[in-house]
Asker: 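What follows is a structure written as structure tokens; I'll ask about it next.
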Amino acid sequence: MRVVGLIGGMSWESTAEYYRLLNVLVRERLGGLHSAECVVYSVDFAEIERLQVAGAWVEAGEMLAGAARALTAAGAEVLLLCTNTMHKVADRVSAATSVPLLHLVDATANAVLAEGVSKVGLLGTAFTMEQEFYRDRLAGHGLDVLIPDDTGRELVHRVIYGELCQGVIRADSRAAYQRVIEDLVARGAEGIVLGCTEIELLLDSAHSPVPLFPTTRLHVEAAIDIALGT
């Protein structure tokens, strides 16, 4: 089993889900008492969020590159950046080490295409929904990408930072997200990419009329394929 390195803490709630899924899915694959061989570097999300708001992406990228180097020194053989938004700096992180970084958007796009879906709605932080780095990467795989309207984007972003990243799960926020999804489906979305790791704490397949693509799980599944050589 290859050692998986997790660059986490953005937020720690979602990193805990990465760790849980990594171990649950390894046990499902191998059985018995098997668990994942992994190392975790958890950053202070308050510092990352400050840099996001300031648009200081180079500085944020250097911080995460340092985490990648530390994980490499700790024996990691494949790296996961456990956040959708910070894949904006994935190239900088990848360049900091010879250990391969498994790109979350690529893993997600492969899963979407495998389901025969070509047009998706994207939910995530405002950075993820509005900036080009994420949508363009999906489009590079041949996918059409829809994002919520202004009101929907504000709602989705506010719930992520104001609730989900702080461990708060509210039924009314779930219902509000469902209305955003319904609007995207009415505009032609055949599936919904949960482009923020925390959204999987709020929504599952029962909450959508079209398939949901949970990026955390898809990222972990692809990492396990590499780690186990399957």
Side-chain angles (χ1 to χ4, degrees), residues 1-23 25-26 35-111 124-125 127-128 131-134 136-138 140-141 160-161 165 195-198 200 214-230:
M1 188 187 308
R2 298 171 72 182
V3 178
V4 179
L6 304 176
I7 305 172
M10 300 164 282
S11 64
W12 71 257
E13 281 85 358
S14 66
T15 305
E17 183 68 1
Y18 262 89
Y19 181 75
R20 185 189 72 82
L21 283 170
L22 193 60
N23 284 287
L25 296 178
V26 165
S35 56
E37 293 193 33
C38 61
V39 287
V40 181
Y41 190 113
S42 188
V43 302
D44 180 359
F45 190 33
E47 288 300 306
I48 295 293
E49 190 270 344
R50 177 182 63 81
L51 295 172
Q52 290 175 337
V53 172
W57 297 103
V58 172
E59 186 177 346
E62 283 304 310
M63 184 180 295
L64 298 184
R69 288 189 287 268
L71 288 170
T72 300
E77 297 171 278
V78 59
L79 297 177
L80 301 186
L81 183 53
C82 303
T83 159
N84 282 264
T85 296
M86 295 312 296
H87 272 73
K88 181 177 174 70
V89 299
D91 288 347
R92 183 173 295 272
V93 176
S94 180
T97 173
S98 60
V99 173
L101 176 73
L102 177 58
H103 203 290
L104 179 150
V105 179
D106 295 341
T108 299
N110 290 337
T125 67
F127 309 108
T128 296
Q131 297 185 19
E132 295 178 351
F133 72 96
Y134 201 101
D136 283 357
R137 188 96 178 194
L138 288 172
H141 287 270
I160 290 169
Y161 281 91
C165 286
C196 175
T197 48
E198 287 83 8
E200 290 167 58
T215 57
T216 300
R217 174 175 283 271
L218 297 172
H219 203 195
V220 169
E221 288 175 347
I224 291 173
D225 286 342
I226 293 172
L228 299 182
T230 58

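Just so you know, residue 1 is the first one in the sequence shown, and it goes up from there. We use all heavy atoms of the structure for the numbers below, so side chains are in, but hydrogens, waters and symmetry mates are not.
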Asker: Kindly indicate, with the supporting measurements, whether the criterion side chain to side chain contact (heavy atoms under 4.5 Å, CB included) is fulfilled by K88 and F127.
Answerer: CA-CA 9 Å; K88 181 177 174 70; F127 309 108; over 6 Å; no
Asker: So, applying side-chain contact (heavy atoms from CB on, under 4.5 Å) with M86, which one of L51, V93, T128, I48 is it?
Answerer: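 Between M86 and the candidates, side-chain contact (heavy atoms from CB on, under 4.5 Å) is satisfied uniquely by I48.
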Asker: Please tell me if the side chains of I226 and R2 come closer than 4.5 Å, counting only heavy atoms from C-beta onward.
Answerer: yes
Asker: Are any non-hydrogen side-chain atoms of V89 and E62 less than 4.5 angstrom apart?
Answerer: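 SC-SC contact between V89 and E62 ruled out.
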Asker: For a 4.5 angstrom cut-off between non-hydrogen side-chain atoms, does R137 reach H87?
Answerer: no
Asker: Show the nearest heavy-atom pair for residues A107 and A222, with the distance to one decimal.
Answerer: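 Smallest heavy-atom distance, with atoms named: CB-CB, 3.9 Å.
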Asker: Which heavy atom of Y161 sits nearest to which heavy atom of E49, and what is that distance?
Answerer: CE2-CG, 3.7 Å
Asker: Could you tell me the separation between the CZ atom of R20 and the OG1 atom of T15, rounded to the nearest 0.5 Å?
Answerer: 13.5 Å
Asker: Is there a side-chain contact between N84 and T125, using heavy atoms and a 4.5 Å cut-off?
Answerer: no
Asker: If you take all heavy atoms of V3 and G75, which pair is closest and at what distance?
Answerer: CB-O, 3.5 Å
Asker: Can you measure from CZ (R50) to CD (E59) and round to the nearest 0.5 angstrom?
Answerer: 6.0 Å
Asker: Looking at OG of S98 and CD of E77, how far apart are the two atoms once the value is rounded to the nearest 0.5 Å?
Answerer: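 Those atoms lie 11.0 Å apart.
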Asker: Would you kindly say whether E198 and S11 are connected by a side-chain donor-acceptor distance under 3.5 Å?
Answerer: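 On atom types as modelled, these side chains qualify, holding a pair under 3.5 Å.
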Asker: So do L21 and T216 actually touch side chain to side chain, heavy atoms under 4.5 Å?
Answerer: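 Yes. Closest side-chain heavy atoms under 4.5 Å.
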Asker: If you apply the rule side chain to side chain contact (heavy atoms under 4.5 Å, CB included), what do you find for L138 with V105, and how did you get there?
Answerer: CA-CA 7 Å; L138 288 172; V105 179; 3.6 Å; yes
Asker: Is W12 atom CH2 crowded by more than 12 heavy atoms from other residues, nucleotides or ligands, each under 6.0 Å away?
Answerer: no
Asker: Give me the atom names and distance for the closest heavy-atom approach of C38 to Y19.
Answerer: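 Between these two residues, the closest heavy atoms are SG-CE1, 3.7 Å.
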Asker: With a 4.5 Å heavy-atom cut-off, do Y18 and I7 have their side chains touching?
Answerer: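 They are not in contact (no side-chain heavy atoms under 4.5 Å apart), so the answer is no.
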Asker: Does the side chain to side chain contact (heavy atoms under 4.5 Å, CB included) test come out yes or no for T197 and E13, once each step is laid out?
Answerer: CA-CA 9 Å; T197 48; E13 281 85 358; over 6 Å; no
Asker: Can you confirm whether L81 sits close enough to L79 that some side-chain heavy atom of one is under 4.5 Å from a side-chain heavy atom of the other?
Answerer: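 No - every pair of side-chain heavy atoms lies 4.5 Å or more apart.
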Asker: Quick one: do L228 and M1 satisfy side chain to side chain contact (heavy atoms under 4.5 Å, CB included)? Show the steps, please.
Answerer: CA-CA 5 Å; L228 299 182; M1 188 187 308; 3.8 Å; yes
Asker: In Å and rounded to the nearest 0.5 Å, what is the CG to CG distance from L71 to L6?
Answerer: 7.5 Å
Asker: Is the side chain of S94 donor-acceptor paired with the backbone N or O of A90 at a distance under 3.5 Å, no angle test?
Answerer: no
Asker: How far does OG1 of T85 sit from CD1 of I160, to the nearest 0.5 angstrom?
Answerer: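 Interatomic distance, T85 OG1 to I160 CD1, rounded to 0.5 Å: 7.0 Å.
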Asker: For the residue pair A36 and L22, what are the closest heavy atoms and their distance?
Answerer: CB-CG, 3.6 Å
Asker: Looking at A68 and T97, what are the two nearest heavy atoms and their distance?
Answerer: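 Closest approach of A68 to T97, heavy atoms only: CB-CG2, 4.1 Å.
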Asker: When rounded to the nearest 0.5 angstrom, what is the spacing between CG in D136 and CD in Q131?
Answerer: 11.0 Å
